[in-house]
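Here's the structure, in structure tokens; my notes come after.
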Amino acid sequence: MQQAGRARAVPYLFLLPALAAFALFYLWPALNTILSSFFRWSVLSPWTVVDPGRWQFVGLGNYLEVLGDGRFWNAVRNTLIWLVIFPIVTTAFSLAVAVLVWETARAARIFRTVFVLPMTVSLTAAGVLWALVYNPDFGALSAAIGVVGLDGARLDLGPLHLRLGEWLSDVGSLSLGITQIPLVNLTVIAPAFWALTGFGVISFTAGLTALNPELVEAARVEGANAFQVVRHIVVPSLRPAMVIVAVVFVIYALRTFDVVWVTTNGGPGTDTEVVAILLWREALAFFDTPSAGQATAIAVLLSGLMVVGAYPYLRSLLREAEA
Amino acid sequence: MARPRRLGTAAIYAVLTLLSIVWLVPVMTVVMTAVRPFAEIREGWWNLAGASLTLDNFGRAWQEAGLAGKTMNSLIITGFSVASTVAVGALAAYAFTRMRFRGRGLLYFLLITTMIVPVQIILIPLLPWFRALGFSEGSWQPFLGMVLVHTGFGLGWAVFMLGGFFASVPRELTEAGQVDGAGHLDVFRRIVLPLALPGIVSFAIIDFVFVWNDLLLGLTLLDQEHQPLTVGIANLQSAHLARQDVISAGALLAILPPLVLFVVLNRFYVRGLFAGSVK
């Protein structure tokens, strides 16, 4: 009897350290974020569960304030730019690179290394590197554009206004009727694109190695050209990898902070301010402003969106664990 | 070699070579800016006429910009965080793969969810929480707090990835061990850990890169004296009188450790990334 009781306790002993760390430094803060988003508080005089005397309950006030704030929607627009551009471009590009590298049997290792290595570079450092490339005075980009005589060029094509030269402040805009897209967001996305392409290349390369060579050979014998082989055999077999890669990139795009922080800090003005940056500013830029509640409300909205968006991926992970 | 190459090998090589050059430009820029006097860089780093080498920038980054201390901080935070996450995560992953217990499904769901939910969900309350627990000041307390946060945050990945590796240890082996009268702790230590060691190394590398590269947690939770290298570089970058030469040297310092780890242990790293997808 006692024996059985002890055996039942064993799993929990194995889990104890993990559960303690997880409960104290994840679950509790997360719960705290959700609860405190219904109160008015600042980081200097924080909302605490044990001190009901100082609670300033505002109900959905923080959410309403956030949703009624033009700055929030500006951040949402910039995050949407990330969300649309970054996963699609990075997934497609890394797929193309992986397939091209796969076709070059001999130099594959060298090429693959070039594209994969930036993956280990922190997004902070990637931002620093690209800020150098973007430097209007001695950066490589302005110099390269200058060689073809386009440095400082402006292009106005209907809704598109392009400015070349000030890469991290004024790159022009694209008007979409309802909103203006500041194109400087694209130059801010580029370092992340550069750094994270490696993840896609690694993933797709693994998929390609698992590809049955006989299938490819058979198709070639049947007279399929390289493009047809890629389109009808290679790409379909990489579909699972594509889903994983795209989901990882979507997750990254939604919570992006580092690159924006080091390259433009959200500027000029709020042209590149994404949701994660806005949230940080609301809570932490000025400790005494009582807008931490709004910041936690943003965190809840952001996380809710993420969980809903990534739920299919989560389900497949869980199913895999059950199997 | 009967591969009919209609796409044209030459064309593929040309495209890839061109892209590789573009891909290497940021790296060449940072290396050149770090090892040459700034006066020369102003003419463009590709301008090699009369180029001279200097290590001054590293010296300045290391001492004047205070990156020596920040590097130390990064090493402390990363080292202890990885050790703690691996130890705590391995025990938990063993329980999830080899034991049945009440609440297993729910716990697993909660842990896995952390892989998807952005860190922002815990970020803001952590600051007052740090203060309440006494982690906001002291010599080692902030490090301890940071290590615990990284452990809590990394657990989802640890349980998921290490669980994958542990699951690939044949059940017959662990069950045979138990029939011989060994307890779970023995089976874990003598059978599962040694067999899953390559997987554990993979996870450790990935966690190292993740913790070492963190900016947001360090920026938010730590004071000047305890901030990691990433924060130091970000601060240099946003300073009004930006010194590109010093920043470049600092960025190289930050890039090198994970890069070296990657190159040396490439095999493990790649394997780790596929813990989930390839079993």
Side-chain angles (χ1 to χ4, degrees), chain A residues 10-11 14-15 17-18 21-22 25-26 29-30 32-33 36 43 46 100-101 103-104 111 114-115 120-122 124-125 128-133 138 140 143 194 202 206 220 225-226 244 251 254-255 257-258 261-262 265 276 279 283-284 292 295-296 299 302-303 306-307 310 314 317-318 321, chain B residues 4 6-7 12-13 15-16 20 23-26 29-30 33 41-42 44 88 91-92 94-95 99 101 108 112 114 116-118 120-122 124-129 148-149 151-153 155 184 209 213 215-216 220 230 233-234 237-238 244 247 251 254-255 258-259 262 270 273-274 277-278:
Chain A
V10 169
F14 272 77
L15 286 168
F22 186 64
F25 295 97
Y26 198 95
N32 219 304
T33 298
S36 69
V43 170
L100 286 180
V101 168
E103 295 265 349
T104 68
F111 283 130
V114 170
F115 291 103
T120 61
V121 174
S122 69
T124 312
V128 169
L129 265 55
W130 278 83
L132 293 168
V133 175
F138 53 86
W194 174 80
I202 283 199
R220 281 187 170 135
N225 65 31
I244 294 177
I251 292 175
L254 209 53
R255 63 169 177 74
F257 177 87
D258 317 28
W261 185 260
V262 272
N265 214 323
L279 178 155
L284 302 161
T296 47
L302 186 68
S303 307
M306 187 87 90
V307 171
L314 192 64
L317 286 185
L318 285 172
Chain B
R6 300 256 176 86
L7 258 182
I12 293 178
Y13 272 89
V15 170
L16 283 177
S20 298
W23 236 241
L24 288 173
V25 163
T29 306
V30 76
T33 314
I41 294 307
R42 281 186 182 287
V88 171
L91 280 170
Y94 179 82
M99 298 174 181
F101 53 89
Y108 195 75
I112 295 299
T114 67
I116 285 167
V117 177
Q120 279 87 355
I121 195 72
I122 59 171
I124 301 156
L126 268 182
L127 194 58
W129 190 222
L148 290 171
V149 170
T151 306
F153 193 64
L155 269 177
H184 271 296
V209 175
N213 287 347
L215 171 71
L216 191 51
T220 309
T230 41
I233 291 162
Q237 177 79 11
S238 58
Q244 278 92 355
I247 298 169
I255 290 172
L259 193 72
F262 177 92
V270 174
L273 284 173
F274 295 100
S277 46
V278 183

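To find a chain, count down the sequence lines: A is the first, B the second, and so on, and within it residues start at 1. For the numbers below, each heavy atom of this structure counts, side chains included, while hydrogens, waters and symmetry mates do not.
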Mind checking whether B:Asn213 and A:Thr124 have side chains closer than 4.5 Å, heavy atoms only?
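Side-chain contact under 4.5 Å: no.
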Would you mind reporting whether A:Met306 and B:Ile116 have side-chain heavy atoms less than 4.5 Å apart?
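Heavy-atom side-chain distance check passes, below 4.5 Å.
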What part of B:Thr230 lies closer than 4.5 angstrom to a heavy atom of chain A: side chain, backbone, both or neither?
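Both backbone and side chain of B:Thr230 come within 4.5 Å of chain A.
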Can you tell which part of B:Phe101 gets under 4.5 Å to a heavy atom of chain A, answering side chain, backbone, both or neither?
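When you check distances to chain A, atoms from both the backbone and side chain of B:Phe101 fall under 4.5 Å.
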Write down the atom of [X], the atom of [Y], and the distance for their closest heavy-atom approach.
| X | Y | result |
| --- | --- | --- |
| B:Trp23 | A:Trp194 | O-NE1, 2.9 Å |
| B:Val209 | A:Thr120 | CG1-O, 4.2 Å |
| B:Gln237 | A:Val262 | CG-O, 3.2 Å |
| B:Pro26 | A:Leu129 | O-CG, 3.7 Å |
| B:Trp129 | A:Pro29 | CD1-CG, 4.2 Å |
| B:Leu91 | A:Pro17 | CD1-CG, 4.2 Å |

Report the distance from atom [atom1] of [X] to atom [atom2] of [Y], rounding to the nearest 0.5 Å.
| X | Y | atom1 | atom2 | answer |
| --- | --- | --- | --- | --- |
| B:Leu148 | A:Phe25 | CG | CZ | 4.5 Å |
| A:Thr33 | B:Ile122 | OG1 | CD1 | 8.0 Å |
| B:Leu126 | A:Tyr26 | CG | OH | 10.0 Å |
| B:His184 | A:Phe14 | NE2 | CZ | 7.0 Å |

Please step through side-chain contact (heavy atoms from CB on, under 4.5 Å) for the pair B:Leu215 and A:Phe257, ending with a clear verdict.
CA-CA 9 Å; B:Leu215 171 71; A:Phe257 177 87; 4.1 Å; yes
Interface residue of largest heavy-atom contact number with chain B, from A:Ala292, A:Ala140, A:Ala131, A:Ser36, under 4.5 Å
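Highest number of heavy-atom pairs under 4.5 Å: A:Ala140.
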Interface residue of largest heavy-atom contact number with chain A, from B:Ile255, B:Ile124, B:Ile233, B:Leu155, under 4.5 Å
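Answer, by heavy-atom pair count under 4.5 Å with chain A: B:Ile124.
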Does the side-chain contact (heavy atoms from CB on, under 4.5 Å) test come out yes or no for B:Leu16 and A:Phe115, once each step is laid out?
CA-CA 10 Å; B:Leu16 283 177; A:Phe115 291 103; 4.2 Å; yes
